[in-house]
Number of protein chains: 2
Amino acid sequence: MCNIELYCGDCLDVLQNIPDNSVDLIFTSPPYADRRKNVYGGIHPDKYVEWFLPRAEQFLRVLKPTGSFVLNIKERVVNGERHTYVLELIIALRKQGWLWTEEYIWHKKNCYPGKWPNRFRDAWERLLHFTKQKKFKMFQDEVKEPIGDWANTRLKHLGKNDVVRFNSRSGSGFGKNIANWLGKDLVYPTNVLHMATECGYRGHSAVFPVKLPEWFIKLFTEKDDLVLDPFVGSGTTCVAAYNLGRNCIGIDIKEEYIDLTKQRLEEIRKDEEILNVVVG
Amino acid sequence: MCNIELYCGDCLDVLQNIPDNSVDLIFTSPPYADRRKNVYGGIHPDKYVEWFLPRAEQFLRVLKPTGSFVLNIKERVVNGERHTYVLELIIALRKQGWLWTEEYIWHKKNCYPGKWPNRFRDAWERLLHFTKQKKFKMFQDEVKEPIGDWANTRLKHLGKNDVVRFNSRSGSGFGKNIANWLGKDLVYPTNVLHMATECGYRGHSAVFPVKLPEWFIKLFTEKDDLVLDPFVGSGTTCVAAYNLGRNCIGIDIKEEYIDLTKQRLEEIRKDEEILNVVVG
DNA sequence: GCCATTACTGAATCTTGCG
DNA sequence: CCGCAAGATTCAGTAATGG
């Protein structure tokens, strides 16, 4: 049974009804400054920290001591320069009591095309990892990856017959060997994530791929844990939580996005019993 | 003719003798806070900005208005948290008059191994791009990259010398050949650079690969321009400048590093006429 | 010359233990 | 109780060797 609760409203208000220390992971991609103007009233870059902080205070309250807060954000260019509101936000969040544990990089392999005279295409975003304590829940084995090139080049040199043998006769010695390689040679990832963006999901502009929240959900939560996304948008975090059997609370100020998310979840639901969407 | 001038001393002092608006590019990897303690006395993270600012003031003075300042840096972990001195440095440099034009990411493909309970291996560093003006010199075509697998596999077979020759002597037949060969499928890069660190290279342990300064030197300078590295270390920036036919001023507080750099340059010199190393 | 194999080395960071 | 030193852990390149 997987419970997904969706609420329409400003997370600053909605979160008042969520108890202290109840959430295992907050994963969110907030409205970037001056983006989605029509939605959040277009927060000015200079006012961004001021706007964010009271909401982060609620995040801090509802998050379990062993929980994690992952913030996907990237400063925009203002007047030819990168604006500093994200840097200021990090510093302000630390003053609020958060620990800035790590900064992961999302490398967007297929970033937005374009050409400018003073910069190249922007192919990365920040994934800021904040925690409440030095010790927190982390399940590193859940996101292990196949090993790098040397294994790949080796596999490449296996002829067709070898691959067939591996696939069809799992008992053969050679097949076993490969199986051992593939099974044993999982390594821990780094703090650089390589993932392509997904094209726009209907009404919503192109956002992050489902694999991105899935990676962090696997890393920082267990089954039946509770994930929170206070800026739901197209609902990708909720989809990821459902895919992995986690419960989820999603909040967005725009009813349209809540509806979109509900619809998206019902489309991928496989069994009536295992998904319970509640719109509050 | 390529002039490389090396000076031993604190760049804060040495730079006093360099005239205003005379440098086209500053590329440097300063001593990270609390690292290389034996060398730079180990600047404490909390004092880092304070230590850096007066030096940056000199950088600002000697840099041409159309020039660029590229700073390779990464905050270290202090007490389980990423320290904020780099963020504070960016904010302070802006107050000093710099424009924070862009932040490039260096993805270190072969980062240091290790395992910890609360983080993964650190596989990226910042390359902060500062300028004095909104308009500055940038030659984007010089760093175009081949696209697709065929080009990559073919490029791999070109030796180091071939690439250097292609880069420095654009008139040569061989260089032209490669240019024609690859000319078809060249695309502009993004702000994410994928390069392996160079480890254990014949005695001198170069931290960043020569390709890294080369990339920025090609991007922000022309032939015969002047490059400055105020924290020379193993001299990689000077080597890159020499490879590309740029003049260079290198400064380091440790005489040992000046000697190392001089030695390294003389080893790769191919012709007495084209390299002139002056140790001041 | 072309592969495959081996040895080696990092701007790392957490934990433990000693003074 | 705090600061510092040493140990344990871990992976992708690059160069050198061998067939």
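In what follows, every chain begins at residue 1, and chains take the letters A, B, ... in the order their sequences are listed.
Between the C1' atom of D:dA12 and the CZ atom of B:Phe120 lies a distance of 17 Å, rounded to the nearest Å. Nucleotide C:dT15 holds its P atom 11 Å from the CG atom of B:Asn79, rounded to whole Å. As a whole-Å value, the separation of B:His44 NE2 from D:dC4 P is 9 Å. Remark: P of C:dA11 and CD1 of B:Ile43 are 17 Å apart, rounded to the nearest angstrom. Distance NZ (B:Lys74) to C1' (C:dG10): 16 Å, rounded to an integer number of Å. With rounding to whole Å, B:His194 atom NE2 is found 12 Å from D:dG13 atom P. In this structure, CH2 of B:Trp124 is placed 24 Å from P of C:dG10, rounded to the nearest angstrom.
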Item to complete: Decide salt bridge (charged side-chain N to carboxylate O under 4.0 Å, His left out) for A:Glu222 and A:Lys137; before the verdict, give the C-alpha distance in whole Å, the side-chain angles of both, and the deciding distance to 0.1 Å.
Response: CA-CA 9 Å; A:Glu222 295 169 281; A:Lys137 291 211 300 189; 3.3 Å; yes
Discussion item. Both atom distances under 3.5 Å, Watson-Crick or G-U wobble: I'd like the secondary structure of DNA chain C as a dot-bracket string, with | for pairs made across strands.
Written reply: .|||||||||.||||||||
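The CD atom of B:Glu50 lies 15.0 Å from the OH atom of B:Tyr85; values are rounded to the nearest 0.5 Å. The distance from the CG atom of B:Leu71 to the CD1 atom of B:Ile90 is 8.5 Å, given to the nearest 0.5 Å.
Taking the six-membered ring where the residue is Trp, the centroids of B:Trp98 and B:Phe52 are separated by 6.0 Å or more.
Nucleotides D:dA8 and C:dA11 are separated by 22 Å at their P atoms, to the nearest Å.
The pair B:Asp225-B:Arg246 fails the salt-bridge criterion, with no side-chain N (NZ, NE, NH1 or NH2) lying under 4.0 Å from an Asp/Glu carboxylate O.
Applying the ring pair (Phe, Tyr, Trp, His ring centres under 6.0 Å) criterion to B:Tyr7, with sequence neighbours excluded, gives no partner residue.
B:Gln58 and B:Arg61 share a donor-acceptor pair across their side chains, judged by distance under 3.5 Å alone.
Among D:dG13, C:dA11, C:dC14, the nucleotide with an atom closest to any side-chain atom of B:Pro117 is C:dC14.
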Protein and nucleotides 9-11 of chain D: nitrogen or oxygen contacts under 3.5 angstrom:
| unit_1 | atom_1 | unit_2 | atom_2 | d |
| --- | --- | --- | --- | --- |
| D:dT10 | O4' | B:Gly114 | N | 3.4 |
| D:dC11 | OP1 | A:Tyr188 | N | 3.3 |
| D:dC11 | O4' | B:Arg121 | NH1 | 3.4 |

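Across all their heavy atoms, B:Thr197 and B:Pro209 have their closest contact at CA-CD, 4.3 Å.
Close to C:dC14, at under 4.0 Å from its OP1 or OP2, lies a side-chain N or O of B:Asn118.
B:His129 pairs with exactly one of B:Trp100, B:Phe216, B:Phe220, B:Phe69 by the ring pair (Phe, Tyr, Trp, His ring centres under 6.0 Å) rule, that one being B:Phe220.
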